[in-house]
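Heads up: numbering here begins at 1 and tracks the sequence. Note that this is a predicted model, so its numbers are computed, not measured.
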Amino acid sequence: MTSSSPTSGGSGRPSQLAPEIADRLKRSADGLLPAIAQQYDTGEVLMLGWMDDEALHRTLTTGRCTYWSRSRGEYWVKGDTSGHVQWVKSVALDCDADTVLVKVDQVGAACHTGTRTCFDTDVLLAESAESAESAETAEPAAGTDAPGAGQ
């Protein structure tokens, strides 16, 4: 169901986002949510963008990722100028409703620099094969699954 009257969700920009979704969102002071784009079939994290209520509405209703550009102060649809389109496969809120995960089928590069992802050129720590093997057999730390542990 789409709202018949625009709401801003705190951004000051009008939105047609359904109230039952908008009411659940926890936004930043400027009315934005981080939106993580992830390749739907491989799990590869592609990029982080920002969405306000209207960008989320457009993403949900058009099948293409729409973001809010903080630097330009306008909406942008991924791929409109570059041809590197993000076709939306699913959209989910995290447990705190303050981050959106958009699983997409990425066409071409996701990063504005021309690389596949925004996270593949400046790796600060890489897991070695040995540490990956020991992590698979290690027991989870006590209390890591407790509610609110990630806050």
Side-chain angles (χ1 to χ4, degrees), residues 2-3 6-18 21-136 138 140-141 144-145 148-151:
T2 303
S3 171
T7 59
S8 69
S11 70
R13 295 175 291 275
S15 174
Q16 291 294 320
L17 184 64
I21 298 172
D23 291 346
R24 295 170 49 205
L25 302 178
K26 295 179 186 161
R27 304 163 195 82
S28 65
D30 52 1
L32 299 174
L33 293 166
I36 301 165
Q38 180 181 38
Q39 179 63 34
Y40 82 100
D41 54 353
T42 65
E44 181 179 32
V45 176
L46 300 170
M47 61 173 276
L48 171 74
W50 295 92
M51 290 185 180
D52 66 358
D53 288 19
E54 182 60 17
L56 180 56
H57 168 72
R58 293 179 188 188
T59 298
L60 292 169
T61 58
T62 66
R64 302 246 332 256
C65 280
T66 300
Y67 299 98
W68 175 257
S69 171
R70 297 177 300 165
S71 60
R72 294 188 313 266
E74 64 185 16
Y75 295 103
W76 59 281
V77 179
K78 182 68 175 160
D80 271 1
T81 56
S82 67
H84 300 161
V85 178
Q86 291 177 340
W87 297 106
V88 176
K89 296 294 187 176
S90 69
V91 180
L93 287 174
D94 76 335
C95 58
D96 297 317
D98 63 1
T99 303
V100 178
L101 175 63
V102 186
K103 292 189 179 183
V104 301
D105 190 8
Q106 176 71 48
V107 176
C111 187
H112 70 281
T113 65
T115 59
R116 171 72 181 164
T117 85
C118 294
F119 300 101
D120 58 0
T121 58
D122 196 5
V123 178
L124 302 178
L125 178 67
E127 184 175 53
S128 69
E130 184 178 300
S131 65
E133 186 177 296
S134 64
E136 289 175 6
T144 56
D145 291 334
Q151 297 178 359

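- Between Val88 and Cys65, the closest side-chain pair of non-hydrogen atoms falls below 4.5 Å.
- Residue Trp50 holds its CH2 atom at 13.0 Å from OG of Ser71, rounded to the nearest 0.5 Å.
- No side-chain heavy atom of Val107 sits less than 4.5 Å from a side-chain heavy atom of His84.
- The shortest distance between side-chain heavy atoms of Leu60 and Ile21 falls below 4.5 Å.
- A heavy-atom distance below 4.5 Å is not found between the side chains of Thr62 and Val77.
- At least one side-chain heavy atom of Gln86 sits under 4.5 Å from a side-chain heavy atom of Met47.
- A distance-only check finds a donor-acceptor pair linking the side chain of Asp94 to the backbone of Asp98 [under 3.5 Å].
- Atom CG of Asp80 and atom OG1 of Thr66 lie 8.0 Å apart (nearest 0.5 Å).
- Across all non-hydrogen atoms, the minimal contact from Val100 to Leu33 is CG2-CD1, 3.7 Å.
- Here the shortest heavy-atom pairing between Asp96 and Lys26 reads O-CD, 3.1 Å.
- Annotation for Gln38 and Gly43: closest pair NE2-O, 2.9 Å, computed over non-hydrogen atoms.
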| request: Please assess Leu46 against Arg116 for the test side chain to side chain contact (heavy atoms under 4.5 Å, CB included), listing each intermediate value before the final yes or no. | output: CA-CA 7 Å; Leu46 300 170; Arg116 171 72 181 164; 4.1 Å; yes
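- Here the closest heavy-atom approach between residue Ser15 and residue His57 is recorded as OG-CB, 4.5 Å.
- Residues forming a side-chain hydrogen bond (donor to acceptor under 3.5 Å, both in side chains) with Asp105 (at least two apart in sequence, or on another chain): Gln39.
- The shortest heavy-atom contact between Ala55 and Tyr75 is N-CE2, 3.7 Å.
- Considering CG of Leu25 and CG of Leu17, their distance stands at 6.5 Å, rounded to 0.5 Å.
- Here the CG-CD distance, from Asp41 to Gln106, works out to 11.5 Å after rounding to the nearest 0.5 Å.
- Panel note: side chain Lys103, backbone Ala37; no donor-acceptor pair is recorded below 3.5 Å.
- Using a cut-off of 4.0 Å between Lys/Arg side-chain N and Asp/Glu carboxylate O, Arg27 and Asp53 are scored as salt-bridged.
- Looking at Met51 and Thr59, their side chains come closer than 4.5 Å, going by heavy atoms from C-beta outward.
- In this model, no donor atom of one side chain and acceptor atom of the other lie less than 3.5 Å apart for Tyr67 and Glu74.
- Expressed to the nearest 0.5 Å, how far CG of Leu32 lies from CG of Leu56 amounts to 11.5 Å.
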| Do Leu93 and Thr99 pass the side chain to side chain contact (heavy atoms under 4.5 Å, CB included) test, and can you show the C-alpha distance, the side-chain angles, and the key distance before you say yes or no? | CA-CA 6 Å; Leu93 287 174; Thr99 303; over 6 Å; no
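- To the nearest 0.5 Å, atom CG of residue Asp122 and atom CG of residue Leu124 are 5.5 Å apart.
- Within the 4.5 Å cutoff, the side chain of Val45 has heavy atoms near those of the Phe119 side chain.
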| task | Just do the side chain to side chain contact (heavy atoms under 4.5 Å, CB included) check on Thr117 and Glu44 with the steps written out, would you? | result | CA-CA 8 Å; Thr117 85; Glu44 181 179 32; 3.3 Å; yes
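- The two residues Gly79 and Arg64 come nearest to each other via the heavy atoms C-NH2, 3.8 Å.
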